[in-house]
Number of protein chains: 2
Amino acid sequence: MRIDDEVSGAGGRGAVAGNRGGTGRTVTSKDVARVAGVSQSTVSYVMSGKRPISARTRRIVEDAIAQLTYHPNAGARALASQRTQIVAVVMPFDVGLGAAGLMAFIEEITLAARARDHDVLIVTAEEGVDGLRRVAGRALCDAVVVMEVSTDDPRAAIARDLRVPTLFIGFPDDAAGLHCIDFDFEDGARLLVGELAGAARVSALVWGPDTVDRGLNYVPRFRAAAQEAAAAAGVQLDWVPLERDRVEEQVRTVLDGGGQALLVTSFLSRVVHAVQEAGLRPGTDLDLVALATDADATGFTVPLTAVSTHPRDVSRQAMSWLFDLLEQGAGPAGVRRVPAFVTRRSSVRASPTPRVP
Amino acid sequence: MRIDDEVSGAGGRGAVAGNRGGTGRTVTSKDVARVAGVSQSTVSYVMSGKRPISARTRRIVEDAIAQLTYHPNAGARALASQRTQIVAVVMPFDVGLGAAGLMAFIEEITLAARARDHDVLIVTAEEGVDGLRRVAGRALCDAVVVMEVSTDDPRAAIARDLRVPTLFIGFPDDAAGLHCIDFDFEDGARLLVGELAGAARVSALVWGPDTVDRGLNYVPRFRAAAQEAAAAAGVQLDWVPLERDRVEEQVRTVLDGGGQALLVTSFLSRVVHAVQEAGLRPGTDLDLVALATDADATGFTVPLTAVSTHPRDVSRQAMSWLFDLLEQGAGPAGVRRVPAFVTRRSSVRASPTPRVP
DNA sequence: TTGTACGCGTTATCAT
DNA sequence: ATGATAACGCGTACAA
């Protein structure tokens with residue numbers, strides 16, 4: 001029933017178990033207190049630093065903690081403190097496409113969370129609104145990040161009533177009262193069109209029905225901005241949604257139609273290959289710019305001028321905001337955009353006309 | 001201080017909050033009990049079903065639960081029951097390469113977990129052994145899944161002393177006392193070599209230093225089995241570790257050397273393209289088999305005969321085993337292999353010699 | 001600077 | 001079939 005009052009073996013060694021639950025009782029702060037010869041609350045205060053502790057006491061307690069390899073019990077802590085130290089992340093619906101970018105996202109989120117002693121809980125998009133209600137209702141987490149928000153996302157509505165701060169990656173139509181952040185697709189569109197502003201006509205090879213049907217908010221956002229920028233620059237913009245099974249065919253059609261300036265947001269590698277198959281070389285025979293990660297943009301024989309979506313930047317900023325909310329209490333709601341940048345590589349021939357301010 | 005004893009508004013409606021923590025106290029089982037006019041413990045038993053409840057009482061309680069949109073508090077539940085209903089998953093080190101397969105893995109794991117009312121917590125590989133100690137020590141989870149195990153994985157050693165069942169995806173050198181599961185790379189190797197058994201010489205274009213240096217256990221496993229199978233079939237096996245920056249060059253060298261039978265495990269798309277660039281067509285001019293997901297194997301103009309790693313199968317089996325451990329107490333340790341299958345497509349010319357039993 | 005004591009919301013063991 | 005009530009392990013107001 002009791003743990004040795006004295007030092008028992010070398011700290012942390014001595015466990016003999018075999019992969020079982022229940023090897024020699026779990027160590028509690030009370031055990032630490034006993035070994036250290038202080039009260040349980042002192043142990044607690046040593047760990048939290050929420051009260052001044054004499055250097056001597058602190059040392060004794062910390063030694064005891066090390067000796068017993070004490071770890072605070074997450075459940076008990078959550079119950080007492082009303083803090084789980086957990087951030088829930090709601091996944092996108094259709095992974096598989098952007099798996100690489102998504103993993104970067106998750107990595108970054110986990111990193112940011114761990115940096116502040118938080119853990120990350122995965123919630124599938126399939127759980128929908130119930131998922132949100134569940135993790136919030138059960139007090140499984142202190143905050144939620146929702147990825148891949150659609151224009152009419154039902155999760156937006158209920159987020160307003162959640163007991164935990166919720167951060168959306170992407171902008172639903174009605175973002176009032178919500179905290180939303182996303183890559184600045186509008187600015188990205190403007191920049192890309194700007195790179196091709198020398199052309200009379202630009203073909204935008206973009207997200208097809210697959211994406212559009214999911215109501216992903218950035219498609220219309222990107223489109224509107226692109227159209228506007230094209231109009232302002234006096235270039236004609238052809239909007240060509242790429243269909244999974246017809247990409248090569250569509251590219252050929254555009255090329256046959258005399259397409260000299262391509263703006264690509266989807267199926268990049270297939271588009272580039274199709275262009276090359278047609279005997280054309282970006283940067284030599286035509287201009288091609290893309291919305292793509294740096295890795296993707298540089299993965300071809302011709303490095304592409306591109307606006308990168310920098311998934312890591314978005315997640316970093318998202319987490320930074322989230323922890324602000326967590327620490328300072330939910331600040332004012334609003335929409336935040338992560339700036340876009342072009343990297344000029346060699347897939348555009350003419351140096352573009354200077355950007356209009 | 002108290003919640004309405006009577007029905008208050010339409011169940012679940014009426015919250016007015018704005019994204020804040022603290023909107024109208026959290027609902028507890030005590031509240032449910034009061035509204036239902038029963039004792040708190042009855043509410044608990046209604047939820048757990050661990051004691052017979054009269055139909056009448058059950059209805060009343062369930063109504064109250066619905067009305068108040070009650071959710072049990074995870075922390076309190078974990079504290080009292082010693083069960084967190086959470087499975088921790090330790091990520092691979094270097095994502096980015098197999099991001100797609102990895103996401104499939106995670107999806108499947110999450111699905112399986114949710115099917116049994118568990119959640120999934122992400123742990124980065126970078127946390128190493130401390131990560132394991134932390135999630136187990138803090139009682140953050142009931143079980144752990146460790147992905148991408150290396151031959152001399154330090155996490156294997158400490159897993160034996162963990163208070164929670166731990167499942168390894170992959171086989172460390174010393175698997176004694178551990179629960180390990182993985183795709184049957186040995187059998188996969190045998191099958192692939194078997195498909196090429198007609199050839200006098202087979203070039204194995206395989207994992208390069210990137211992978212080998214990480215001590216991934218399946219590389220030597222695959223190699224040994226492939227060598228053995230080749231020897232038995234009387235074919236010479238050239239082992240060619242692909243280097244990230246020299247893949248195309250290496251493929252050309254092999255082809256120039258008269259390579260007529262290729263066994264590919266890495267950089268598949270680059271290898272296939274290099275072959276095609278050389279004017280050769282798999283299934284017509286040479287034989288090519290691969291270790292690849294079905295999606296990858298069918299992503300080329302010539303569908304490839306391949307052994308699929310079926311990440312989803314592995315994770316499903318892993319989770320099934322894990323929950324067995326969780327429910328029936330840690331069963332006997334051991335190593336489990338998920339069977340390999342070839343899918344014959346059109347990248348091999350001759351129908352292969354029948355497989356030796 | 002430190003100790004005492006209560007409460008967090010459940011589960012589960014006694015009773016009845 | 002149901003109701004009290006004692007843990008569960010920690011945080012923190014209140015005392016000293």
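Residue numbering restarts at 1 for every chain, and letters A, B, ... go by the order of the sequence lines. Values reported hereafter were calculated over all heavy atoms of this structure, with side chains retained and with hydrogens, waters and symmetry mates removed.
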Nearest-Å distance, CG (B/Asp31) to P (C/dC8)? 11 Å
Is the side chain of A/Arg133 donor-acceptor paired with the backbone N or O of B/Thr69 at a distance under 3.5 Å, no angle test? no
Just to be sure I understand the geometry, which residues of residues 55-65 of chain B put a non-hydrogen atom under 4.0 Å away from DNA chain D? B/Thr57
B/Arg116, CZ atom: more than 12 neighbouring heavy atoms under 6.0 Å: yes
Between the side chain of B/Arg316 and the main-chain N/O of B/Ile109, is any donor-acceptor distance below 3.5 Å? no
Exercise: do B/Thr57 and B/Ser54 side chains pair donor with acceptor under 3.5 Å: yes
A/Asp142 backbone acceptor or donor facing A/Thr84 side chain under 3.5 Å: yes
Would you kindly say whether A/Ser39 and A/Thr42 are connected by a side-chain donor-acceptor distance under 3.5 Å? yes
Taking any heavy-atom pair under 4.0 Å as a contact, classify A/Val38: base, sugar-phosphate, or nothing. sugar-phosphate
Should B/Arg312 and B/Glu107 be marked as a salt bridge (charged side-chain N to carboxylate O under 4.0 Å, His left out) after you check the CA-CA gap, both sets of side-chain angles, and the distance that decides it? CA-CA 9 Å; B/Arg312 300 196 115 90; B/Glu107 271 186 13; 2.5 Å; yes
Base contacts versus sugar-phosphate-only contacts with protein, heavy atoms under 4.0 Å: please encode nucleotides 10-16 of chain D as B, S and - from 5' to 3'. BBBBB--
Give the intermediate values and the outcome of salt bridge (charged side-chain N to carboxylate O under 4.0 Å, His left out) for residues B/Arg160 and B/Asp174. CA-CA 11 Å; B/Arg160 301 192 179 87; B/Asp174 179 11; 3.5 Å; yes
For DNA chain D, which residues of residues 132-143 of chain A approach it to below 4.0 angstrom with any heavy atom? none
Are B/Thr26 and B/Asn73 close enough that some pair of their side-chain heavy atoms sits under 4.5 Å apart? no
Could you give the CG-to-P distance, from A/Leu79 to C/dT11, as a whole number of Å? 12 Å
Want to settle it: does B/Ser54 or B/Gln82 sit nearer the 5' end of DNA chain D, counting the closest nucleotide to each? B/Ser54
Where the side chain of A/Asp63 meets the backbone of A/Ile60, is there a donor-acceptor pair that is under 3.5 Å apart? no
